[in-house]
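Nothing fancy with the numbering, it's 1 onward along the sequence. In each ligand, atom 1 is the first atom listed, and ligand 1 is the first ligand listed.
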Amino acid sequence: MLKELLNQLTGQSNNTANEPKPAAEKKAPVAKNVVATETTGADQAQQGGETTRRTTRRTNSNRNTGETRRPSTRRTTNASGEGAKQSAPRRKNTNSANAAANAEGTAKPARTNNRTNNRTNSTRYNNRNEKNTGDRANINGRHTSHSNGDAHANHQHHSSKKDKLMIIPLGGLGEIGKNMTVFQYGDDIIVLDAGLAFPENDMPGVDIVIPDMSYLIENQDKVRAVVITHGHEDHIGSLAYLLKEINVPVYATNLVCGLIEGKLKENKVGGVKLNIVKAGDEIRVGSFKVGFIQTNHSIPDACAVYFETPVGTVVHTGDFKVDQTPVDGKLMDVHKFAELGNKGVLALMSDSTNVEKPGFTPSESTVGPALLRAVGEARGRVVLATFASNVSRLQQAVDAAVAFKRKVIVLGRSMVNVTEIAQERGYLNIPEGTLIDVDEMGRYRDDEIMILTTGSQGEPMAGLSRMATNNHRTIEITPNDTIIISATPIPGNEAAVGRTIDNLLRLGADVIYGRDRGIHVSGHGSQEDLKTMLNLVRPKFFIPVHGEYRMLKKHGELAVSMGIVKPNHVLVGDNGQIFEFTSRTGRKGGHVTAGKVFVDGLGVGDVGNIVIRDRQQLAQEGMVIVVMAMDRASGQIVAGPDIVSRGFVYVRDAEDLMNEAQKRIEQVIEKCEASQMKDWATIKSQVRDTLGKFLYEKTRRRPMILPIIQDV
Ligand SMILES: [Zn+2]
Ligand SMILES: [Zn+2]
């Protein structure tokens, strides 16, 4: 019976627990590497506004751990809950925004400060998928009391401050990712953008991160519309999750609507009122008039949005740069910005991504000639990797292919998806007969082929990375191939991109990459672009957005240095901050709940800080399970203790350690028996303490220890 339990725990059927199959044990480090690399990759995409979807692959060994852990949860009192408690002293705050939030909070009244600290704990609003008993008790308890407090505070807010405009960023401040901003006047709320972020290194197993939407769910009767600036993941990636909770009309431009439709289908969200708008349109939503202004960015159809409210006009730039020669010919509507500026703008919220870069960001159309040159010089196939959503880049790549009579093959799910939508809606012009299927490649010479693929950021599962490691289903790189990486690594991705380039060079291919080749420009404005915007709009108040905290600060200084905004009219805040405006004043008010909600598989918010801490400990230190069977009546141990470990030591090479550990546990049990100790919780905690101390002494490691007692 004990053996049965052990087998279930370890997922082995033919091996005893103390002698794990060497192959399985040897595999573990490899699997761990895979996970580590991929998480690293996944983390990095978050840095960039121009986002690419990371696929976090679960390895088999991962899946096994998950499956084998569940039976133990069912059979024992609360194994996972205890695991959580045990790891509590090693608690590490995974929310990087918290530090900044605390710093901001120090100047505020104690109550506000507490809420600032607490709000990051409340990273969940949906516990339907909750499985982990220990977590439910802990997180839910905290969350419930917390959100009640918030609801109360919000209620007070409305009754006394009806004449104020509140702007509340729920994401996108102090980070580049998961942009979402609430505009509220009286009983009307408009949500601008609903984006996602990619998980950081310390969030193992998390697929994506979305903003905590508790505030919107609590005030859902007031939410009138969602307005989207453009189609990047950090602006539309959490829309499906928001619409699942609150079904409100969505307003976005044509290409964005196409991309959103795909996402809604993927997430099985139906019945959404998707309204196509175009630059120059104005719509009335409650007490707001909302207008759309043409801008330039690394995806077509990007807009700035202005809100005319009873207290004044607020302009939000969205992501932008000033491109005087955009590939799609749609110039930024500087006249509209100037017109609003002349009439008087209460507040400007502007993109801070490239505020650390001097000068102007070059035009997208400067990339065309560089691509043409590179394709012209290629002897064999051309493989071009870029962001799938950069339609203007794809257009210039296709133009270069056509110029040299090459056929184009599109590879990678997101690349195929975007090219289809962009073609359907008239944003990408590919001449008839240019696109071919990958199966038809054999009919053409190498110098008649261009392959468009994903993987420009070194994402492990994307096309180019697979080709670089000889893992691609259809494409094998040869020394005759020319690879063009038409992108620069987003900060944090350098190592992954570097590895991809190294691997491609090892295969003998010619690789064209780097800033000096003219094959990439950013979609975000540099200092001079940002100054141009400030000068056009000349706002009374300035809220820098879309940036890490230092970028927001720097953007504020830039505005002040121009003499356009007074120093005390620059409002730099964190997610959850309420910016309050009357027609004459603007200031930082209190906070609402804001933070990170983890999406893992189908679960939204069911993985919280406690699960993440357990995963971190498991990933870093491994796990040791002690199993024994006890006759409850007599308190005698009738089988075991047996020790099973995963990710801790290679058992075959550590027999002495394990034997000694077993002896120590036996001593603890003998003591318990001698003193008539029958309380399982106490026995378990003594086993855990003794074993933990012993293993730390011998190895300086702190594996998660799970004692399991079975009743016989
Ligand atoms: Zn963005
Ligand atoms: Zn963007």
Side-chain angles (χ1 to χ4, degrees), residues 44-54 169-181 191-198 208-211 226-239 252-253 255-260 263 279 292-305 316-323 326-328 330 332 349-357 361 364 386-394 414 418 422 427 456-457 487-488 490-493 520-526 529-530 533 543-549 551-552 555 575:
Q44 291 149 351
Q46 193 222 353
Q47 299 288 332
E50 298 127 325
T51 42
T52 44
R53 176 75 174 86
R54 302 310 180 111
L170 296 180
L173 291 196
E175 63 182 342
I176 296 179
K178 67 176 172 63
N179 297 284
M180 176 179 269
T181 310
V191 182
L192 184 70
D193 287 336
L196 61 70
F198 292 100
I208 61 167
V209 182
I210 62 174
V226 182
V227 174
I228 304 290
T229 57
H230 66 285
H232 278 151
E233 290 283 5
D234 59 325
H235 298 260
I236 64 169
S238 63
L239 183 61
T253 51
L255 179 64
V256 183
C257 284
L259 295 168
I260 290 173
K263 291 198 150 289
F292 298 82
I293 312 173
Q294 180 73 50
T295 56
N296 307 118
H297 188 36
S298 44
I299 186 169
D301 245 7
C303 279
V305 176
H316 191 297
T317 64
D319 295 5
F320 83 101
K321 69 173 177 183
V322 183
D323 191 338
V327 170
D328 61 6
K330 293 179 183 166
M332 183 168 110
M349 306 171 78
S350 184
D351 177 4
S352 310
T353 312
N354 273 351
V355 70
E356 288 166 323
K357 292 199 180 120
T361 300
E364 175 66 29
T386 188
F387 298 102
S389 58
N390 196 333
V391 177
S392 295
R393 189 68 48 83
L394 299 179
S414 58
V418 171
Y427 293 86
S456 65
Q457 294 301 307
T488 43
I490 288 163
N493 283 4
H520 177 68
V521 295
S522 170
H524 296 275
S526 305
D529 303 71
L530 302 179
M533 180 61 76
I543 306 176
V545 296
H546 206 285
E548 310 268 357
Y549 197 75
M551 302 170 188
L552 305 182
H555 203 175
N575 294 331

When the aromatic ring centroids of His546 and His555 are compared, is their separation below 6.0 Å?
no

To 10°, measure the NE2(His235)-the Zn ion (ligand 1)-NE2(His546) angle for me.
110°

Non-hydrogen atoms of Ile176 and Gly547 that approach each other most closely
CG1-CA, 3.8 Å

Heavy atoms only: give me the nearest Thr488-Gln457 pair and the separation to one decimal.
O-NE2, 3.1 Å

Answer yes or no for His297: is there an N/O/S atom below the 2.8 Å cut-off from the Zn ion (ligand 2)?
yes

Would one find an N, O or S atom of Asp234, in either backbone or side chain, under 2.8 Å from the Zn ion (ligand 2)?
no

Is any N, O or S atom of Asp351 under 2.8 Å away from the Zn ion (ligand 1)?
no

The ring-ring contact (aromatic ring centres under 6.0 Å, His included) partners of His316 (sequence neighbours excluded) come to none

Is there a donor-acceptor contact under 3.5 Å linking the side chains of His297 and Asp351?
no

Residues in side chain to side chain donor-acceptor pair (under 3.5 Å) with Thr317, at least two apart?
none

Name of the His232 atom (N/O/S only) found closest to the Zn ion (ligand 2):
ND1

Quick check: of its N, O or S atoms, which one does His230 have closest to the Zn ion (ligand 2)?
NE2

For Asp319, what is the atom name of its N, O or S atom nearest to the Zn ion (ligand 1)?
OD2

